[in-house]
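As structure tokens, the structure follows; a few thoughts come after it.
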Amino acid sequence: MKFYNRTKELQKLHQIETLSKESARMSVIVGRRRIGKTSLIQHAYENQIYLFVSKKNEALLCEEFVTIISNALDIKIHGEFFKFAKLFEYLLELSTSNHFTLVIDEFQEFLFINNTIYSDLQNLWDRYKEKAKMNLILSGSIYSLMQKIFENKKEPLFNRADIKIHLKAFDVSTLQTILEDNYPSYNNYDLLSLFTLTGGVAKYVELFVTFEAFTLDTQLDLIFEENSLFLDEGKNLLIEEFGKEYTTYFSILALIASGKTARSQMENILQKDIGGYLDRLEKEYSIIKKVKPIFAKEGGRILKYEIIDNFFSFWFRFIYKNRSAIEIENYEYVKEIVKQEYSPYSGKFLEKYFIEKFKKSHQFSQIGTYWERGNKNEIDIVAVNEINKTMLIAEVKLNPKKISISKLKDKSLKIIQKFPHYKIEFKGFSLHELVSEQLM
């Protein structure tokens with residue numbers, strides 16, 4: 001698959017590389033695994049020293065790195081290095097007369113190898129920064145650890161990075177472009193399934209393109225097959241994040257994915273206080289977010305929780321929940337469950353798709369969903385332009401025949417009363433409008 005999007009990120013990385021020719025610069029790239037960090041770095045820099053931090057003895061890691069550095073720079077390195085700090089100092093010294101880009105991928109893994117490395121690197125960086133000409137790229141996929149390393153004031157590398165890039169999934173317009181390039185006969189249903197199942201995560205999109213899985217049926221065939229990357233993906237990516245308490249975190253995420261989105265609902269089922277877990281899932285791991293009704297008062301207690309990542313939502317809803325059938329390789333059984341539940345399930349992602357499009361349009365100052373206590377008068381999208389005093393209130397349905405503007409107006413009575421001077425437009429959005437450029 002060709003390289004898509006990332007124009008702004010590439011521009012930043014090229015700018016910082018130019019600056020690094022005068023004095024050393026540090027860039028931090030974070031993003032969940034499979035999001036395309038390594039691909040971005042490879043496209044940004046034609047020549048680089050790429051070091052991947054795997055969990056092994058520090059001396060063995062240095063031995064591996066010496067070989068890579070020697071080949072990349074076409075130099076012979078004399079002596080042995082048993083500590084990474086010494087090797088890093090060697091590279092800083094070398095960069096005082098020879099500009100190069102050094103990439104250290106999965107940088108957070110040093111915590112498990114030698115947790116004094118970060119303070120050693122900070123001391124060396126501060127000492128060499130002005131005279132060295134190194135373009136240092138530090139990449140990591142465990143968000144909570146990377147955040148701790150670079151954003152915690154107590155950590156030695158706090159405030160050392162010149163730029164930080166939080167790499168996100170492909171947006172909806174990029175997914176549309178990918179389908180146009182690779183499957184021109186796609187329909188809106190295909191575009192929605194691509195968004196629903198991958199959420200724009202680059203690796204998953206690439207796999208679908210590689211194996212020409214452009215329809216829901218072919219995508220499910222690829223997901224539910226023997227040795228599929230997707231089957232263990234949630235477990236492989238999140239167990240390391242959560243540590244020994246992963247079972248509680250997984251249970252919470254499974255409940256949210258199945259529609260149990262209120263804390264009280266989850267606590268009743270799990271029979272334990274989960275406030276701390278929810279806080280960490282939101283603030284440390286960035287896997288869930290609180291969703292409050294638009295116009296809700298600060299500190300209001302009406303809220304729901306939502307899994308941010310579309311694939312994780314799918315994995316916990318259909319793969320983790322049916323792990324017994326997966327274990328005995330009864331993939332057809334699980335695929336049938338997905339197909340039976342797909343219409344109501346994908347409907348929530350159709351709402352999410354349109355909300356993303358509204359945000360990208362830059363027409364509004366506030367966008368959200370609306371409901372009243374007891375989940376009454378739920379409205380899919382409310383978008384406000386405070387300058388123009390205009391408001392869009394919208395209902396989203398897969399089937400346009402199920403949209404009722406009159407019922408939508410009835411559910412909006414309290415909003416209408418609250419904003420008497422606003423010009424309010426009521427609209428319905430369905431699969432038919434998925435690729436429409438006109439929102440208002």
Side-chain angles (χ1 to χ4, degrees), residues 3-53 65 68-69 72-75 84-85 87-110 117-143 145-153 155-171 174 202 286:
F3 191 72
Y4 286 91
N5 208 340
R6 313 305 194 199
T7 305
K8 291 179 181 177
E9 291 88 351
L10 286 171
Q11 186 178 23
K12 272 188 176 182
L13 291 174
H14 290 154
Q15 287 173 342
I16 210 76
E17 181 191 26
T18 301
L19 293 171
S20 70
K21 293 175 181 178
E22 300 298 324
S23 63
R25 301 286 170 167
M26 182 191 296
S27 302
V28 174
I29 302 176
V30 297
R32 59 98 95 203
R33 288 192 178 121
R34 320 291 195 194
I35 206 71
K37 299 184 298 299
T38 303
S39 181
L40 171 67
I41 293 166
Q42 288 173 343
H43 276 81
Y45 308 115
E46 188 175 339
N47 298 308
Q48 58 182 262
I49 304 169
Y50 177 83
L51 307 179
F52 181 88
V53 184
F65 288 169
I68 294 169
I69 294 163
L73 296 179
D74 194 23
I75 58 172
F84 181 75
L87 182 57
F88 187 67
E89 184 174 16
Y90 171 83
L91 288 169
L92 283 169
E93 184 66 45
L94 194 64
S95 75
T96 59
S97 57
N98 181 20
H99 171 265
F100 55 81
T101 294
L102 172 65
V103 178
I104 305 178
D105 201 356
E106 298 300 351
F107 184 68
Q108 77 282 337
E109 295 302 317
F110 277 127
I117 283 177
Y118 300 124
S119 56
D120 293 338
L121 296 194
Q122 176 246 311
N123 290 328
L124 291 167
W125 187 256
D126 290 348
R127 196 188 327 157
Y128 279 89
K129 184 180 186 304
E130 295 306 317
K131 59 183 176 180
K133 297 176 179 60
M134 178 188 289
N135 182 29
L136 177 62
I137 311 294
L138 305 175
S139 175
S141 56
I142 299 184
Y143 183 79
L145 295 183
M146 290 294 284
Q147 188 179 43
K148 176 186 175 185
I149 293 165
F150 293 102
E151 297 183 19
N152 187 325
K153 292 181 180 179
E155 295 298 318
L157 289 174
F158 172 74
N159 216 23
R160 292 306 188 279
D162 294 281
I163 63 167
K164 179 182 174 186
I165 295 173
H166 188 179
L167 202 61
K168 303 289 183 66
F170 291 142
D171 60 23
T174 303
S286 295

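Remark: Leu87 CG to Ile69 CD1 distance equals 4.0 Å, nearest 0.5 Å. In this structure, NZ on Lys8 lies 9.5 Å from CD on Gln11, to the nearest 0.5 angstrom. Summarising the geometry, atom CG belonging to Leu136 is positioned 8.0 Å from atom OG belonging to Ser27; distances are rounded to the nearest 0.5 Å.
Across all non-hydrogen atoms, the minimal contact from Ser95 to Ala132 is OG-CB, 3.2 Å. Contact detail for Ile149 and Glu155: the closest heavy-atom pair is O-CB, 3.5 Å. What you find for Ser20 and His99 is that their closest heavy atoms are OG-NE2, 2.9 Å. Residue Phe100 comes nearest to Leu91 through the heavy atom pair CZ-O, 3.4 Å, listed as atom of the first residue, atom of the second, then distance. When all heavy atoms are compared, the tightest approach of Gln48 to Ile41 is NE2-O, 3.4 Å. Between Leu10 and His43, the shortest heavy-atom distance links the atoms CD2-C, 4.1 Å.
Taking 4.5 Å as the limit, every side-chain heavy atom of Leu51 sits out of range of all side-chain heavy atoms of Val53. Within the 4.5 Å cutoff, the side chain of Phe88 has heavy atoms near those of the Leu102 side chain. Taking the side chain as every heavy atom from C-beta outward, Leu73 and Leu94 approach each other to under 4.5 Å. Side-chain contact between Phe52 and Ile104 is absent, with no heavy atoms from C-beta onward closer than 4.5 Å. Side-chain contact check for His166 versus Lys168: some heavy-atom pair is nearer than 4.5 Å. At least one side-chain heavy atom of Met146 sits less than 4.5 Å from a side-chain heavy atom of Val28. Using a 4.5 Å heavy-atom cutoff, the side chains of Ser141 and Gln108 are in contact.
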Next item on the list: Determine, stepwise, if the pair Leu145 / Phe150 fulfils side chain to side chain contact (heavy atoms under 4.5 Å, CB included).
Entry: CA-CA 9 Å; Leu145 295 183; Phe150 293 102; over 6 Å; no

Margin query: Set out, in order, the CA-CA distance, both residues' side-chain angles and the distance that settles side chain to side chain contact (heavy atoms under 4.5 Å, CB included) for Leu167 and Arg6, then state yes or no.
Written below: CA-CA 9 Å; Leu167 202 61; Arg6 313 305 194 199; 3.9 Å; yes

Check: Can you list the steps and then say if Leu13 with Ile165 is a side chain to side chain contact (heavy atoms under 4.5 Å, CB included)?
Finding: CA-CA 9 Å; Leu13 291 174; Ile165 295 173; 3.9 Å; yes

Next item on the list: For Ile142 and Glu109, run side chain to side chain contact (heavy atoms under 4.5 Å, CB included): C-alpha distance rounded to whole Å, both residues' side-chain angles, the deciding distance at 0.1 Å, then the answer.
Entry: CA-CA 9 Å; Ile142 299 184; Glu109 295 302 317; 3.8 Å; yes

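Every pair passing side-chain hydrogen bond (donor to acceptor under 3.5 Å, both in side chains) that includes a residue from residues 127-139 is listed here, sequence neighbours excluded: Tyr45-Asn135, Glu89-Arg127, Glu89-Tyr128, Glu93-Tyr128, Thr101-Asn135, Asp105-Ser139. Residue pairs meeting the ring pair (Phe, Tyr, Trp, His ring centres under 6.0 Å) criterion with at least one member in residues 6-25: none, sequence neighbours excluded.
With Met134 as the fixed residue, the side chain to side chain contact (heavy atoms under 4.5 Å, CB included) test singles out one of Ile49, Thr96, Asn98, Leu92: Leu92.
Shown here are the side chain to side chain donor-acceptor pair (under 3.5 Å) partners of Thr174, two or more places apart in sequence or in another chain: Asn5, Asp171. Scored by the ring-ring contact (aromatic ring centres under 6.0 Å, His included) test, Phe158 finds no partners at all (sequence neighbours excluded). Applying the salt bridge (charged side-chain N to carboxylate O under 4.0 Å, His left out) rule to Arg160 yields the partners Asp126; only residues at least two apart in sequence or on another chain are considered. Scored by the salt bridge (charged side-chain N to carboxylate O under 4.0 Å, His left out) test, Glu106 finds Arg33 as partners (sequence neighbours excluded).
Taking the six-membered ring where the residue is Trp, the centroids of Phe107 and Tyr118 are separated by under 6.0 Å.
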